[in-house]
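Here the structure is laid out as structure tokens; the discussion comes afterwards.
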Amino acid sequence: MPTDARPSPFPGGRPKVVVTRKLPEAVEARMGELFDVELNLDDAPLPREALVAAVQRADVLVPTLGDKIDAGLLGQAGPNLRLIANYGAGVDNIDVETARRRGIQVSNTPGVLSDDTADMTMAMLLAVPRRLQEGARLMEDEAAWTGWSPTWMLGRRITGKRLGILGMGRIGQAVARRASAFGLEVHYNNRRRLHQQTEQELRARWWESLDQMLARVDFLSVHCPHTPATYHLLNARRLKLMKPEAVIVNTSRGEVIDENALARMLQAGELAGAALDVFEREPAVNPKLRGLPNVLLLPHMGSATEEGRMEMGEKVIINIKTFADGHRPPDLVVPAML
Ligand SMILES: O=CC(=O)O
């Protein structure tokens with residue numbers, strides 16, 4: 001039995017759980033068995049007033065990345081709110097510091113979406129240099145393809161190129177493993193250097209200086225979380241350090257890149273391409289990014305697999321249940337981690 005056991009913070013150990021979006025059916029059913037759960041059956045994002053009402057009556061809130069759980073909202077929370085069990089790995093939608101000061105714990109769902117997000121990253125990384133989207137679009141017009149030719153639809157080779165990984169956590173490492181198998185040379189920048197053995201296993205070279213790494217890579221993939229320290233980390237100055245042939249992939253958070261600066265450079269041909277699954281003001285997409293042949297835009301689907309969404313739900317349930325039983329949730333997020 002874990003040593004941190006305390007009596008359940010909820011009467012009868014059965015918390016009132018408010019879920020802000022529709023979750024996989026099996027997850028909702030299990031929540032119904034274990035908790036006094038309130039679901040969002042029509043899956044429309046909760047307007048602010050509904051979110052305020054939710055934090056006033058909930059013991060546990062289960063938000064997703066679209067719900068802004070900021071200091072203003074937390075200030076209106078009822079006395080019973082004890083846990084915010086985020087359905088998602090990134091917690092940039094939550095003011096974790098304020099929550100902690102108010103005695104509200106925060107948990108997330110790390111690990112279960114790393115492989116799916118890394119797979120999507122590879123798909124995007126391959127798609128832009130090999131012009132997948134252009135080719136597929138062209139096939140929609142019957143007359144557009146008149147046959148194979150030696151100079152037709154030439155892209156750029158992947159094998160042997162340098163990939164820079166910005167943020168070498170679980171997802172970054174899952175990308176590194178896949179990238180090595182594609183013959184890419186893996187470079188990374190991370191706040192902390194990996195242990196030597198992990199670095200060797202991943203065949204990854206660490207750069208203490210992001211600027212120096214940016215100037216040397218052919219592809220850059222973003223995997224750091226969005227925090228005040230990473231907001232616009234890839235600003236105009238840093239983007240300009242990159243080779244004009246370079247391609248950027250982002251499956252992390254839109255806020256890490258200055259989208260206007262990126263759009264300007266893509267339009268001007270100062271960067272060869274980008275594949276973006278995340279945006280600064282989702283679901284709005286910077287209009288300057290649309291319609292460019294070398295830009296692949298996706299609707300934040302990096303972790304969107306049936307299996308992943310089930311496992312995220314299982315993690316949320318385990319975090320709530322463990323907390324309700326008087327223990328520390330296994331995926332507790334503390335401000336020092338951010
Ligand atoms: O983007 C998805 C997540 O953070 O889980």
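Numbering of residues begins at 1 and proceeds along the displayed sequence. All values reported here derive from a predicted model rather than from experimental measurement.
The ring-ring contact (aromatic ring centres under 6.0 Å, His included) analysis of residues 9-51, with sequence neighbours excluded, yields the pairs Phe10-Phe323. Screening residues 125-138 for side chain to side chain donor-acceptor pair (under 3.5 Å), with sequence neighbours left out, gives Arg131-Glu134, Gln133-Arg137. Pairs passing the salt bridge (Lys or Arg N to Asp or Glu O under 4.0 Å) check and including a residue from residues 251-266, sequence neighbours excluded, read Asp92-Arg253. Every pair passing salt bridge (Lys or Arg N to Asp or Glu O under 4.0 Å) that includes a residue from residues 52-68 is listed here, sequence neighbours excluded: Glu38-Arg57. Counting only residues at least two apart or on different chains, the side chain to side chain donor-acceptor pair (under 3.5 Å) pairs with a member in residues 74-90 are Asn86-Asn93. Legend: salt bridge (Lys or Arg N to Asp or Glu O under 4.0 Å) pairs involving residues 104-123, not counting sequence neighbours, sorted by first then second residue: Asp115-Arg178, Asp119-Arg178.
Separation of atoms CD1 (Ile248) and CG (Leu125) is listed at 11.5 Å; rounding is to 0.5 Å. Between atom NZ of residue Lys315 and atom CG of residue Asn108 there is a gap of 8.0 Å, rounded to the nearest 0.5 Å. Rounding to the nearest 0.5 angstrom, the gap separating the CG atom in Leu184 from the CZ atom in Phe219 is 6.0 Å. Put simply, CG on Leu65 and CD on Glu282 are 7.0 Å apart, with the number rounded to the nearest 0.5 Å. For the atom pair CE (Met213) and CG (Leu241), the distance works out to 11.5 Å, reported to the nearest 0.5 Å. Interatomic distance, Arg216 CZ to Met242 CE, rounded to the nearest 0.5 Å: 13.0 Å.
A continuous path of ILVMFWY side-chain contacts below 4.5 Å connects Leu74 to Val333, so both sit in one hydrophobic cluster. Tracing side-chain contacts under 4.5 Å through hydrophobic residues (I, L, V, M, F, W, Y), one never reaches Met265 starting from Val249; they form parts of separate clusters. The hydrophobic cluster containing Val106 also contains Leu61, counting ILVMFWY residues as joined when their side-chain heavy atoms lie under 4.5 angstrom apart, directly or transitively. The hydrophobic cluster containing Leu239 also contains Leu289, counting ILVMFWY residues as joined when their side-chain heavy atoms lie under 4.5 angstrom apart, directly or transitively. Under the 4.5 Å side-chain contact rule for hydrophobic residues, Val285 and Leu234 share a cluster.
Using a 4.5 Å heavy-atom threshold, the side chains of Leu292 and Gln267 count as touching. Side-chain contact between Val55 and Leu51 is absent, with no heavy-atom pair separated by less than 4.5 Å. Using a 4.5 Å cut-off on side-chain heavy atoms (C-beta onward), His226 and Ser252 make no contact. A 4.5 Å side-chain heavy-atom check between Arg309 and Ser303 finds at least one atom pair inside the cut-off. Within the 4.5 Å cutoff, no side-chain heavy atoms of Trp206 are placed close to those of Leu194. Between Asn319 and Pro330, some side-chain heavy-atom pair lies under the 4.5 Å cut-off. Residues Ile165 and Leu163 meet the side-chain proximity criterion, which asks for heavy atoms closer than 4.5 Å.
Considering all non-hydrogen atoms of both residues, Arg328 and Thr322 come closest at O-CG2, 3.4 Å. Across Ile69 and Pro63, no two heavy atoms sit closer than the pair CD1-CB, 4.0 Å. Residues Met168 and Ala176 approach most closely at CE-CB, 3.7 Å, considering heavy atoms. Minimum heavy-atom separation, Pro24 to Met310: CB-SD, 3.9 Å. Smallest separation of non-hydrogen atoms from Asn294 and Ala272: ND2-O, 2.8 Å. Considering every non-hydrogen atom in both Ser114 and Ala174, the closest pair reads O-CB, 4.1 Å.
In this structure, a donor-acceptor pair under 3.5 Å is absent between the side chains of Gln173 and Tyr188. Side-chain atoms of His195 and Gln200 form no donor-acceptor pair, as typed in the model, at a separation below 3.5 Å.
Salt-bridge check for Lys22 with Glu28: passed, with a basic side-chain N closer than 4.0 Å to an acidic carboxylate O. Classification of Lys161 and Glu185 as a salt-bridged pair fails, no side-chain N sitting under 4.0 Å from a carboxylate O. Glu97 has no carboxylate O lying under 4.0 Å from a charged side-chain N of Arg100, or vice versa, which leaves the two without a salt bridge. A salt bridge does not link Arg162 to Asp218: none of the charged side-chain nitrogens sits closer than 4.0 Å to a carboxylate oxygen.
For Thr98 (side chain) and Asp95 (main-chain N/O), no donor-acceptor pair under 3.5 Å exists by modelled atom type. Checking side-chain atoms of Asn250 against main-chain N and O of Val278 turns up no donor-acceptor pair under 3.5 Å. Of the possible donor and acceptor atoms, none in the side chain of Thr230 sits under 3.5 Å from a partner among the backbone N and O of Leu233. No donor-acceptor pair under 3.5 Å is formed between the side chain of Thr251 and the backbone N or O of Thr117. Asn286 contributes a side-chain N or O that, together with a main-chain N or O of Lys288, makes up a donor-acceptor pair within less than 3.5 Å. Formation of a donor-acceptor pair under 3.5 Å by the Gln212 side chain with backbone atoms of Ser209 is not found in this model. Between the side chain of Asn190 and the backbone N or O of Arg193, no donor-acceptor pair lies under 3.5 Å.
Under the rule for a salt bridge (Lys or Arg N to Asp or Glu O under 4.0 Å), Glu311 has no partner lying at least two apart in sequence or in another chain. Residues satisfying the side chain to side chain contact (heavy atoms under 4.5 Å, CB included) criterion with Trp152, sequence neighbours excluded, are Leu138, Trp145, Ser149. For Asn235, the side chain to side chain contact (heavy atoms under 4.5 Å, CB included) criterion is met by Arg237, Arg238, not counting sequence neighbours. Listed by chain and number, the residues in a salt bridge (Lys or Arg N to Asp or Glu O under 4.0 Å) with Arg48 are Asp70 (sequence neighbours excluded). Contacts of Ala85 classified as side chain to side chain contact (heavy atoms under 4.5 Å, CB included), with partners at least two apart in sequence or in another chain: Val60, Val62, Leu83, Ser107, Val316, Ile320. Applying the side chain to side chain contact (heavy atoms under 4.5 Å, CB included) test to Arg203 and every residue at least two apart in sequence or in another chain returns Ser180.
Residue Glu306 qualifies as open at atom CD: its count of foreign heavy atoms under 6.0 Å is 12 or below. At most 12 heavy atoms of other shown residues, nucleotides or ligands fall within 6.0 angstrom of atom CE in Met301.
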Go through the steps for Leu276 and Leu296 under the test side chain to side chain contact (heavy atoms under 4.5 Å, CB included), then give the verdict.
CA-CA 6 Å; Leu276 308 172; Leu296 171 66; over 6 Å; no

Using side chain to side chain contact (heavy atoms under 4.5 Å, CB included), reason through His232 and Val256 one step at a time and then give a plain yes or no.
CA-CA 5 Å; His232 281 194; Val256 178; over 6 Å; no

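Each of Val17, Val27, Val19, Val18 was checked for a side-chain contact (heavy atoms from CB on, under 4.5 Å) with Leu39, and the lone residue meeting it is Val19.
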